[in-house]
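Since the structure comes first, as structure tokens, the remarks are kept for the end.
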Amino acid sequence: MMEKVYNPHDIEDKWYKFWIKKNYFTADNESKNQPFSMVIPPPNVTGSLHMGHALNNTLQDIMARYKKMSGFNSLWVPGTDHAGIATQNVVERELAKEGLDRETLGREKFIERVWKWKEQSGGIIIEQLKRLGCSCDWSRQRFTLDEGLSRAVREVFVRLYNEGLIYRDNYIINWCPRCKTALSDLEAEHEEIQGHLWHIKYPLADGPGYLTVATTRPETMLGDTAIAVNPEDERYQKYIGQYVILPIVEKKIPVIGDAYVDTSFGTGVLKVTPAHDVNDFEIGKRRNLETVKVIDDDGRMNENAGHYQGMDRFECREKIIDELNNKGLLENIEPYALGVGKCYRCKTVVEPSLSLQWFLKMKPLAEPAIAAVRDHRIRIIPEMWEKVYFEWMENIRDWCISRQIWWGHRIPVWYCDHCNKMYVSVEDLTKCDSCKGKLRRETDVLDTWFSSGLWPFTTLGWPANTKDLKVFYPTALLITGFDILFFWVARMIMMGLKFMGDVPFREVYIHALVRDAEGKKMSKSKGNVIDPLIVIDQYGTDAFRFSLAMLAAQGRDILLSEERIEGVRNFVNKIWNASKLSLSFIGNYESQSNHRQSSFLPDRWIRSRTQKMVRDVSESIEGYRFNETASIIYNFVWREFCDWYLELIKPNLYGKVTAFDSEATRTTLYLTLCDILKVLHPLMPFVTEEIYQRLPVKDHESIMASNFPYFNESELDEDSEDRMDIVMGIIDVVRNIRGETGIAPNVKVDVIIRGGDRTSLLKEYEYYIKELARIEQISFTADVAPDQSAVGVYHEIEVFVPLKDLIDVSKELSRINKEIAKIDEDCRRLKQKLDNPSFREKAPQEVIEKNQANYDEYLRKREKLLASKNLLENLSRS
RNA sequence: GGGCGAUUAGCUCAGAUGGUUAGAGCGCUGGUCUCACAUACCAGAGGUCGUUGGUUCGAAUCCAAUAUCGCCCACCA
């Protein structure tokens, strides 16, 4: 017995376990079926499911299930990312609670601790993905730091090093003083803040006078080793070669000429701090300037900062300004908006700092990756993201891949402190080949994104030559958010091409961000986060997934509101109840072998409509237009199947009408219900399985194993659709009159129809028209219009509802007037178009004909309405 | 500084290669507990598609400007 209201709670878990037990998620690399593979964007082990994951994985699951049902050997590889900095931070916070820190614990103990944490809390998100219904192949689950992947990372590092693509160098990198590590350019998020441009006087070393420098970062002046002017700048040319006294430090530094200096910015004089600014570093290299670091790894001033040593960099800024001011060296303060980089993990302002780091040369890797997208070996959808991709790839800079943290892939490099030899090796090393001295291993680890960049092939077993790689690489599709297009997607493309010699995926579908109902980004600090798991508890997974799909229009952010989900919850309930009714009609229906073509018009109509629905659903899924998929199904099920079809077959299946073959109707109903469940399954896996299992006859033991409906042209039936349009149209006309003139639903009316050559069709379906429009009696006439009636016109057919006491003449008159006014407006527009000679000349014949036909019909309809209107007006006068 | 996107009903959004009477959900108005569903049913109101030009027989749809909002990238201190 089915409940009156669908209750998702027990059902979801039951079926998920069932699918697991049946191994439906496990791909078979021996299968003869065409493969369809995806790798999951591995969520961070620190993470718990948020809306972004929910959307991302719902869309992937829709594709995985759809492809599986469409006969593909569908593989969806799951896994998690070790998320270096993020995870280390989490565990460090835990340690802090115990009054510990990683330094006192030591590297080995600390890493043990992180692993322990990972085992205990790192799996949460996987369980959450299961609640979302994800059909991942859990037997192939990977972790970016597991043994196989670690091996692959080393392999890649060594190969890239041997090819000269990985190098170690001193360069300005983004340093996070809180995480105490270098970051890549992408990991520093730029933010505009209101700051100042300080104008500082640098006295000339020889003689009176000074040059004024404008800077946003006065604290770095302690590390200045020159000031620069543009050699073309007539104001300052003469100073080139002279010296100034660096204030506070009281050191002589040269005035140099460099074309980099913009004469129109600030004072046209630039302070050069090679150790704390990229451009200054470049100038310094060109001019052989000394580099003086003044800020330490923890963001405090160091020993080169004189009496500022030990002071926080921002406090130092204030104090330096005071000191300069006291010395009369502060000329001016200008408000100025500047961009500062912040650590993407902890939001601390990063310090550009000269540092010895490992880098990966990007240009040689980027070129083939650009080509792959340019010639569409990889298709990025929506296309606009291609431009963004190209823009970044064409201006790519070398990637700082080393991190000074402990949690991650330790760089496979060993140093001999005796003979200064360096080894890069896949295998662990202990002794120096030449001097037999003990080797010291590099302490840095790799950027987390280094290993995730290898994800599509390392998860399939690389560097071993596995069957999985052979069958499932390149993967078919990657679904991800635009926020990691550079971090992840671009790097996978480069690495895939480099190490597999082929693209990592053929298509990339980029989806938008999930925002709150007001369009704001969801964040904990704003308190506007909607927790997917609470939504699931409240409305069920199916309603949640369908909502996400429904809102997932390409290229636009998704605004999620609770009302929206509630609406879909109602839809799930509608499906439940429609199925309940359908199942009661189908009864113990035995097999499809007695499949009879029905002659009952609604049967023929619904089958024809079903075919079009199935076709449109497939097309929209293939085109990643998930919102379209959802609304096609929504409208079909609710409007066509429930509101019309089920209502129309009731008389037959309740036995009120016996003129039609009710077995054929039951067959039709059964087939249509099956089709609905199947097209819905990728979006709503649970409720569809639950209902499917209740079918008296199933073609498979699970809906997951059944076949996605295919477009069956032989069931298309335009003639039946046309005839149904007439039946529905007549019912609509009566309902409109009823509604507009205020006849209560429980009051039946009589109706007179002048049906012309459609009379026999309407007579045949008279009973159904009566039922759906709540009519007591229909009389058909060929005569003139009856007077004292409300009138409605559908094509050539006129429908009269005698007024009796039911209808207020004035209401009916205003209804007719409204309708005539609308027709007049439409006619005016159509006539204008049709009277235009160049329209008749240049528009396609078919468009002209259609417009003409519309126009003619409007005129006829208008005439009929007018006749009735006149009758009513006479009546109301008399 | 460069690039991208958005602007359609009160709200949130659909409208792929130009030819509709511009759609949906929620909300709103009126009427119904009609034997699957009140998480429902029936009817209705509501839009000169940001602005201005242009291309075209025809523009919400293509082009160009402009305004407002949002995002991304960027080594002018």
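Chain letters run A, B, ... following the sequence lines, proteins first, then strands; residues in each count from 1.
Listed nucleotides B:U21, B:A36, B:C76 differ in distance to A:Y858; the shortest reach to its side chain belongs to B:U21. The A:N736 side chain lies nearest to B:A43 when the options are B:C71, B:A43, B:C41. Taking only side-chain atoms of A:F486, from C-beta outward, the nucleotide of B:A77, B:U20, B:C72 with the closest atom is B:C72. Here the side chain of A:K574 is nearest to one of B:C41, B:U39, B:A43, namely B:C41. Candidate nucleotides B:G44, B:C72, B:A77 were compared by shortest atom distance to the side chain of A:K818, and B:G44 ranks first. For A:R735, the listed nucleotide lying nearest its side chain is B:A43; candidates were B:A43, B:A36, B:C76. The side chain of A:F265 has B:C76 as its nearest neighbour among B:U39, B:C76, B:A43. Comparing atom distances between the A:V847 side chain and each of B:C37, B:G19, B:A74 picks out B:G19 as nearest.
A centroid separation of less than 6.0 Å is found between the aromatic rings of A:Y336 and A:F265. The ring of A:W399 has its center no closer than 6.0 angstrom to the ring center of A:F359. Remark: aromatic rings of A:Y509 and A:F626 are close, center separation under 6.0 Å.
Between A:D483 atom CG and B:C73 atom P the separation is 10 Å, expressed in whole Å. Look at CD1 on A:I632: it is 17 Å from P on B:G23, rounded to the nearest Å. B:C37 atom P lies 10 Å from atom CG of A:N573, rounded to whole Å. In this structure, CD of A:E394 is placed 14 Å from P of B:C4, rounded to the nearest angstrom. Between the CD atom of A:E351 and the C1' atom of B:A77 there is a distance of 14 Å, given to the nearest Å. For A:K580 and B:A40, the NZ to P distance is 14 Å, given to the nearest whole Å. A straight line from CZ of A:F487 to P of B:C72 spans 12 Å, rounded to a whole angstrom. A straight line from CZ of A:R625 to C1' of B:U17 spans 11 Å, rounded to a whole angstrom.
At a threshold of 4.0 angstrom between heavy atoms, the contacts of A:K850 are confined to the sugar-phosphate backbone, with no base atom among them. In this structure, A:D643 reaches the sugar-phosphate backbone alone: every heavy-atom distance under 4.0 Å involves primed, P, OP1 or OP2 atoms, never a base. At the heavy-atom level, A:E740 lies under 4.0 Å from the strands shown only through sugar-phosphate atoms. Counting any heavy atom pair closer than 4.0 Å across all strands shown, A:S631 reaches no nucleic acid atom. As judged by a 4.0 angstrom heavy-atom cut-off over every strand, A:G268 is placed among the base-contacting residues. Residue-level contact check: A:V261 touches the bases, meaning some heavy atom is under 4.0 Å from a base atom.
The minimum heavy-atom distance linking A:V294 with A:H276 is given by the pair N-NE2, 3.0 Å. Taking both residues in full, the closest heavy atoms of A:I737 and A:G792 are given as CD1-N, 3.8 Å, listed atom of the first, atom of the second, then distance. Counting all heavy atoms, side chain and backbone alike, A:A182 lies closest to A:I173 at CB-CD1, 3.8 Å. What you find for A:M393 and A:A490 is that their closest heavy atoms are SD-CB, 3.9 Å. The minimum heavy-atom distance between A:A843 and A:I848, with the atom names listed, is O-CD1, 3.6 Å. A:V349 and A:R313 make their closest contact through O-NH2, 2.7 Å (heavy atoms, listed as atom of the first residue, atom of the second, distance).
No more than 12 heavy atoms of other residues, nucleotides or ligands sit less than 6.0 Å from atom CD of A:E383. Within a 6.0 Å radius of CD in A:E192, other residues, nucleotides and ligands contribute more than 12 heavy atoms.
The closest side-chain donor-acceptor pair between A:E647 and A:Y768, if any, does not fall under 3.5 angstrom.
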Exercise for the section: Sugar-phosphate atoms are those with a prime plus P, OP1 and OP2; base atoms are the rest. Using that split, label each nucleotide of nucleotides 53-64 of chain B B, S or - for protein heavy atoms under 4.0 Å, 5' to 3'. Expected result: ----B-------
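When each of A:E647 and A:R217 is assigned the nucleotide of RNA chain B with its nearest heavy atom, A:E647 is the one assigned upstream, toward the 5' end. Two residues, A:S264 and A:L646, neighbour RNA chain B, and the one matched to the more 5' nucleotide by heavy-atom proximity is A:L646.
B:G1 is paired with B:C73 under the Watson-Crick or G-U wobble criterion, all donor-acceptor distances under 3.5 Å. Under the Watson-Crick or G-U wobble criterion, with both distances below 3.5 Å, B:G27 has no partner in any strand shown. Base pairing of B:A67: its partner is B:U7, meeting the Watson-Crick or G-U wobble criterion (both donor-acceptor distances under 3.5 Å). B:U21 is unpaired under the Watson-Crick or G-U wobble criterion, no partner having all donor-acceptor distances under 3.5 Å. Using Watson-Crick or G-U wobble geometry with both donor-acceptor distances under 3.5 Å, B:G58 finds no partner in any strand shown. Pair assignment for B:A40 gives B:U32, based on Watson-Crick or G-U wobble hydrogen-bonding distances that are each under 3.5 Å.
Comparing the same atom, P, in B:G58 and in B:G53 gives a spacing of 16 Å after rounding to whole Å. Distance check on atom C1': B:C49 versus B:A6 gives 14 Å, rounded to whole Å. Look at the C1' atom in both B:C63 and B:U56: the space between them is 12 Å, to the nearest Å. When the P atom is used for both B:U55 and B:G27, the distance is 46 Å, rounded to whole Å. Separation of the C1' atoms belonging to B:A40 and B:C35 is 14 Å when rounded to the nearest angstrom. If you take atom P in B:A64 and the same atom in B:U17, they sit 16 Å apart, rounded to whole Å. Taking atom C1' on both B:U8 and B:A24, the two are 13 Å apart, rounded to the nearest angstrom. The same atom, P, is picked in B:G1 and in B:C62; the two are 28 Å apart, to the nearest Å.
With respect to the salt-bridge test (charged N to carboxylate O, under 4.0 angstrom), the residues A:E282 and A:R286 do not qualify.
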Problem - Chi angles and distances behind the ring pair (Phe, Tyr, Trp, His ring centres under 6.0 Å) call for A:F585, A:Y654 - result: CA-CA 8 Å; A:F585 284 153; A:Y654 281 135; 5.3 Å; yes
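For the OP1/OP2 pair of B:A36 and a distance below 4.0 Å, the side-chain nitrogens and oxygens of A:K650 include at least one atom meeting the criterion. Distances shown here put every side-chain N or O of A:Y336 at or beyond 4.0 Å from the OP1 or OP2 atom of B:C76.
Not a single donor-acceptor contact under 3.5 angstrom links the side-chain atoms of A:E3 to the base of B:A36.
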Quick one: which protein N/O atoms are closer than 3.5 Å to N/O atoms of nucleotides 25-34 of chain B? Pair and distance per line, please.
{"residue": "B:G25", "atom": "OP1", "partner": "A:R639", "partner atom": "NH1", "Å": "3.1"}

